[in-house]
Every structure is written in structure tokens, then in C-alpha cells.
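Protein chains get the first letters and strands the later ones, always in sequence-line order, with residue 1 at the start of each. These numbers come from a predicted model, not from an experiment.
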Amino acid sequence: MDIDRELNPEQARAVRQTEGPVLILAGAGSGKTRTIVYRMAYLLTEMKVAPWNILAVTFTNKAANEMKERIREMAGNAAGQMLVSTFHSACVRILYSNARKLGYPEKFEIADTTDQKSIIKNVYKKLQIDPKKQPEKMTLNIISGAKDELLSPEDFERVNYGDPYMERVAGIYREYQKTLFSNGMMDFDDLIMNTVRLFREFPDVLDHYQERFRYISVDEYQDTNTSQFELIRLLSDKYKNICVVGDDDQSIYRFRGANIYNILDFEKHFPGCCVVKLEENYRSTENILNAANAVIKHNSERKYKSLWTAGDKGERIRFRQLSDPTAEASFIADEIRTKKERGERSYGDFAILTRTNIQSKELEDALRVRSIEYDVVKGLRFWDTKVIKDLTSYLLTVDNALNDIRVIRIINLPKRGIGDASINKISVFAAANGLSFFDALSRIEYVGGVPAKAKAAIRDFYEMILRIRASSKNMGFSGTLNRILEETGYMDYLFMEAETPDRYKEEKEYIEKLRETLDAYENEAEEPDLTDFMRQNGLEGSNLDKEGGDSKDKVLIMTMHNAKGLEFPEVYMAGMEEGLFPGYAAINSEDPLAIEEERRLCYVGITRAKESLTLTAARSRMAKGEWRFASASRFIKEIPKELLNMSTTPEATERKEKIFPINREEAERAFERIPPAFSPGFKKRSIAAIKKGSEIEKVLPAYKEGDRVMHFKQGEGTVLSIRDGGRDYEVTVDFDKTGVRKMFAGFAKLKKI
DNA sequence: CACAGGTCTCTTTTT
DNA sequence: GAGACCTGTG
């Protein structure tokens, strides 16, 4: 390892400064990961630090695995004994052997978002709170925020004393926490908060971990919240070897409690710390960097930092505004295809970044139609899928049935004739008699007000679980899973419920995947245990499509949040519109920092691009059930004109926008001239309006019989015939994928290819 | 009381 | 396009 040759002077300084607090302010693309990896390897090989004395915390599992791999490459297998993990996984590990001290069962479970929702619903029922007056989501946000600030229900109540609204929320919080606790569950925030509690209340435990983790590093430090800060502060308090790496300009998780002052005030929190700034960028062209710098300069709350590169200026940043999301997607897809066909790029060189997950649909359609290979980095997680939640709930119920939430989830699934009313009665009965929900089932005859039919079904259910439990003793997890599927008729249920055959197929694949994961775990674990299995896997945001490895040559579609830490030769940022990016919420927020967060997200997006960056926007977009016109994002205007290459100026767009009518009727008429025709969100009302009011322009198509054409949804096909159909020309096309179809030329928008 | 089928609402971002 | 909510029927 030749540090001075392989690293720049600042990076080298960060690597050698192993003792004491260190703050590495690492701009985007400044070789941050490289620096951390060298630092770890340096600790291991030069400083002879034992690998188990090193803790490296990241935010995502992906980042953790990547880092582990790269350290292993440099420092050999000893790296395997370091603890490189996410905050949440590290806490689970620590809590694993200490949960009892806090009164939790050893087999505590993790409550994911779905569990949180069902728990809060129960609480609402119990406290008779109307979800319309107090949306569950908002309550959960407040509770999560309180936990991020390490406030217990009692603390929270004290802090908000005298505020009737917050006092009410405090009541919900208390009940919510009670429910979690009595079911032996911790939500994501509890994992951190309880670890901090553990350290505070049990100094010997803290001391043990302080001795264990003598060298600590935290990646993406700008995204830490107060509880995470306290956690690492406690852990590092003895040896003070704490190295944090981050970029205040890339702090994009304020909505989940990230406290940007953790990084801005690091020097205050850890006096005498060493600060290293990495500003040389090795990723992007100068134009891209200048654009990023220009945008982020508009933020007030930041440490001054400016990226520079020794590399080329590169091409200008392109901005294109299209009529609607469909046109926007087509534009991007056409470009990608052209560049691929010219042999300039392969699909894997491209990423399309969006602000929201929903935007991906339109983009997917456009790519699919052109047979472009793509992948969506999805927000939907495997463990949150309904099918998987159902089946794991069954598995855990068969295993221990200690968790009421899970039993209630499956008791009437598939439908057995056990309704909400009966379930409520049993819950009340169970609470009154100090029984778990499941144990209450065995005394169903004593529960009043439950119809005989339901009672019979409940008895059957109870016995079925016991039966499966008995037989599961001598079969593996996947054997038990099979029994569950057989006994419950779950597959038939799925088949009946599935909206489409494809959906059913997909769900079957999920189950197959669950089986594989169970088998893999059972083969590896010393003492296989389902609760442990869930804790290990439930935290992993594993995407469904991770098979095949990264060798796939595919265009990636993802949100900008998901893109953090990645880089691509060509980046498209779609939906650069006021109202979408920055979003309405941020624009309307009275907190000026809301816009700053959006701007940082924009900065993250821009700095993903290595060579080429294209920003696109749609002039109209469906939002909240109606079509709305949007002007170009303010972020576009913040990029100096000389860096931009655009078809229209943002100002021109604004002028155009002013000509657009404002009331609905006029808007709809105007809209007819911008035909996103069959886009999925196209509501009945608008179609009716079009049919009634407008004549579709009758133009002789630009293609003739025998020509190959492209339809935005059906894909490519051959024109069989063109007939004058009165109001419009009627075209018959034989599509390669979907066969012969007749359509009107004005609507179909066929393109000759 | 259970359930099917309909309507309405709402979509930022995630461990 | 999913999930919550409402209504009529058995």
C-alpha cells in the first residue's frame, strides 16, 4: 500500500490520522469511499489494529457490503472480522444479547412499516380516535420524530406540556409503545433509541462495547439523526477514535430526522478534531461540476466547499421540455436507443433519475416498447410485500404465536368467516383475562357475542396451527412453509385474488424466493430460529431483482435518493418541474430549509453524472386527479446559461405558461392540443371532453402500407392497410408483440421507423 | 355479522 | 394503482 502515490495529499492525511476525532468533508466524487477503504486497510495492516476492534457504520446494506468487499480486497480476510454494518443492524446485534435488560424478550421482533400501521390502527380503535381528524401517518411521523430525539412517551408529554394537540399525540404514543412492548416488538427507531438507553442505564455494557469498538467510522454522517449521534458519541467517548465522513451538501434525509447540525457542528461536539476537506472531483466533467456548484450555492446552511476537477470541460448540460410525461419518456428512451445503436454507449451506461417512484411507470413503458433492457431500483421491498408478510406471519405464529399482530393478520386469511367484530371481541376478552390473542382462541366458547359459525372457524384455525406446529418439529422451515400452504389453501386464495395472471406468477416467485432464503439461512445458522431469521433479513432492503449480479447491461431507473453514492456516464434527470421537483410540499412549507433539502437532492442528482447530463421536464402532468401545467424547475434557472444547452429558455416557458388558460374548461380544451391520449392517468372526464369537443386533426399519415412503424404502447409493427374512415384515417397494423390492431391515425401517433 | 363490490383518496423521499 | 371506506346482500 503506497498511500502517497495512490492518494492525493488530503486523502493521505485522512488515512494517516487514525487517532482522535476526524471529520472528513468529502464532496461528491472526491474519492470518499476510496479514502475510507484505505484508512481501514491502514488501520489493519500498518497500525496492527485487531479487526474486531473496528466498527464501520453506513446507512444502507448495499453500502456496507460494498465497503466490506473493497476492504477485503485490500487487506485480506482479516477484514471479515470487522463489524461493517448499518446503524440498525449494528443495534440489533448489540440488543440481541441485551434485550432482556430492557425488559424485552430475547426473541424481540422488528416492527416494519406495515406492522406500525396495524398497531397504530389498534391504538386508534382502543382510544377511539378518528383517523380522519388525526391521520395515522402523521401520528407515526411525530412518534418517529420523538424517538429520533430520544424522547420517551413521558419525555414527549413533558416537553409538550400545555399543548393540547401534542398531549393527545403523547397519549397515542404511550399506547403505541405499550402495544409494541407487549408484543415484544421494536420499530426501526426503537432499535437505536433502546441501544442508547441500554448504554445509558448499564455503564458496564457501554464499557464493554467501548473496549470492543476502539476505532469507529461513520459514513454519510450528514444523514445521522440525534439518536444516532448520541449512539456513536457514547461508543467513542472512551477512546475518541471517531472518524466521520460526510458532505453537508448531500444531506437528504431530513424528513426522517437527519440533523444537519451533526456535521455542521462536529468541531464543537468533538473539540480538537482534525478536519480534512476533499474537494477535488474525480468523477464528472467541469461543466457538470460548475452546474452543481452553482445550484448548491443558493443554500445558506452549509460549509463552504467548491468542487473542482483537473479534467475536461465536457459537453454542456442539456435541458429539454416536452409536452407531457409520455413525450418526456419517449424523448429519453429514443436518445438512449440511438446512442446504443450508434455504438456510443451500452445500456448500463445510463441512469434515469426521478424525484418520486411513480414517475418510473411512464419511463418503463417507453423503454419496454423499444425493447431497451432496464431495471427499476424499487422502493417496494421484498419483506414488505403482502404475500411475504402473510407467510412470515404464519410461520411465526406456528413457531410461537406470541405476537398478536401477526395472529390477527392471518386469522381470517384466506377468508374463513371470521370478521372484524369477532376479532375485536376476542381482543377484549384476551386483554381482560391476561391472555395472548392466540391463547384466547382456545377458550373461544367463553367469548360472548361471536356467532357460532365464526366460533367453529376459529376452532378450526386454532387446531390447524397446532397441527402444523406439531408436524413442523421434524421438518425444516421450508417444509413447514409447504404445510402452511397446503393446509390453508393459500395458493388457491392467491390465484383467486390476483388481478392478473402475471400478478399471480409474480407472487409465486416471491414465495419461491422466501423458500430459498429460508433454506440458505437454515443451512448456515448454528441454531436456526425464525425470529432471528426475520431480524436478520427484515432489515435488509433487498431488492427483488438482484439475481444476475451487476454484470447486467441495463438502463437503471431510480429515485435520486436511491442514486446517492452511485455514478453513471450518462444521467437523465426527469421531471424537472416546479411542484414536482421541488415538490409542492417544499414550496408551500413555511420552513425555508425545506427547499434547501430539495436543492441538495438536486445536487446529488447532478453529481451522479460523469460525462453527460440531461435534464427534462414536462409542461403538463397529472397531479391530484387533474392535469396541471408546470414551469421548469427553479433549479434549472440556477444553472448559469453558458453551461446549458436548451431548446427553450425557462423564461420562454413561463411566458407560454401565462398564455395557458387557468379555469378547468379552458384547460381541458388546451389540453386537447397536447395529446397524451392513452396515458394511464387519463381520466374519464377528460376523454369525454375530448370526444365531445374536439375534432382530431385529419392528416394523411406519414407512413404507407408495408412500412414499419412504432406505437408507444404496442411497440413495433408493420402497416397492413390505411383506409379513410371519415373523421380520421383508419390504420391496420400487425404488431410484432400483440398482433393485428386497427386504430385511428390521429390517436395512434404512429411513427415511421 | 361477514363479505363482495363499489367509490374515493392520495402518492416524496427510507432504515 | 393501492388502500381505506361505504353500501347492499346473504
- Item | Atom-to-atom span, CD of A/E220 to P of B/dT13 - whole angstrom | 19 Å

- Query: Can you name the residues that form a salt bridge (Lys or Arg N to Asp or Glu O under 4.0 Å) with A/R634, not counting sequence neighbours?
  - Reply: A/E578

- Item | Partners meeting salt bridge (Lys or Arg N to Asp or Glu O under 4.0 Å) with A/K117 (sequence neighbours left out) | none

- Item | Atom pair distance, as rounded to whole Å: NZ in A/K117 and C1' in B/dT14 | 14 Å

- So which pairs with a foot in residues 83-93 of chain A pass salt bridge (Lys or Arg N to Asp or Glu O under 4.0 Å), sequence neighbours left out? none

- Who are the salt bridge (Lys or Arg N to Asp or Glu O under 4.0 Å) partners of A/E638, not counting sequence neighbours? A/R599

- Side-chain N,O (A/N562) to OP1/OP2 (B/dT14) below 4.0 Å: yes

- Note on the structure: Separation of C/dA4 atom P from A/K125 atom NZ, nearest Å, is 12 Å

- Query: Please give, in whole Å, the distance from B/dT14 P to A/I110 CD1?
  - Reply: 19 Å

- Message: Below the 4.0 Å mark, does B/dT14 have OP1 or OP2 next to a side-chain nitrogen or oxygen of A/T559?
- Response: yes

- Message: Are A/F255 and A/H561, when compared by the centres of their aromatic rings, separated by less than 6.0 Å?
- Response: yes

- What are the residues of residues 245-259 of chain A, sorted by number, that bring a heavy atom to within less than 4.0 Å of DNA chain B? A/Y253, A/F255, A/R256

- Pairs satisfying salt bridge (Lys or Arg N to Asp or Glu O under 4.0 Å), at least one member in residues 408-430 of chain A, at least two apart: A/D390-A/R409

- Task: Using a cut-off of strictly less than 4.0 Å, decide whether A/K564 has a side-chain nitrogen or oxygen near OP1 or OP2 of B/dT14.
- Result: no

Please list, for nucleotides 6-10 of chain C, all pairs of protein and nucleotide N/O atoms separated by less than 3.5 Å.
none

- Task: With heavy atoms under 4.0 Å as the rule, sort A/K121 into base, sugar-phosphate or nothing.
- Result: sugar-phosphate

- Message: Under 4.0 Å from OP1 or OP2 of B/dT13: is there any side-chain N or O of A/N357 that close?
- Response: yes

- Note on the structure: side-chain contact (heavy atoms from CB on, under 4.5 Å) filter on A/S360, not counting sequence neighbours, yields A/E364, A/V376, A/I557

- For atom CG of A/N225 and atom P of B/dT14, their distance in whole Å: 16 Å

- Query: Contact class for A/F59 (heavy atom, under 4.0 Å): base, sugar-phosphate, or nothing?
  - Reply: sugar-phosphate

- Where do A/V387 and A/Y490 come nearest, in terms of heavy atoms and distance? CA-OH, 3.6 Å

- Note on the structure: Taken to the nearest whole Å, OH/A/Y584 to C1'/B/dT13 is 17 Å

- Note on the structure: The side-chain contact (heavy atoms from CB on, under 4.5 Å) partners of A/T86 (sequence neighbours excluded) come to A/T58, A/N61, A/H88, A/S89

- Could you check how far NZ of A/K453 sits from C1' of B/dC1, rounded to whole Å? 9 Å

- Query: How does protein contact run along nucleotides 2-7 of chain B, one letter per nucleotide 5' to 3', with B for base contact, S for sugar-phosphate only, - for none, heavy atoms under 4.0 Å?
  - Reply: SSS---

- Rounded to whole Å, NZ of A/K137 lies from P of C/dA4 at a distance of 12 Å

- Item | Non-hydrogen atoms of A/N225 and A/G257 that approach each other most closely | CB-O, 3.0 Å

- Message: From the set C/dA4, B/dT13, B/dC1, return the single nucleotide nearest to any side-chain atom of A/K425.
- Response: B/dC1

- Message: So A/G579, base contact, sugar-phosphate only, or nothing? Heavy-atom distance under 4.0 Å.
- Response: nothing

- Using side-chain contact (heavy atoms from CB on, under 4.5 Å) as the criterion, list what pairs up with A/E149, not counting sequence neighbours. A/L151, A/T226

- Item | Sequence-distant partners of A/S144, side-chain contact (heavy atoms from CB on, under 4.5 Å), two or more places apart | A/D148, A/D189

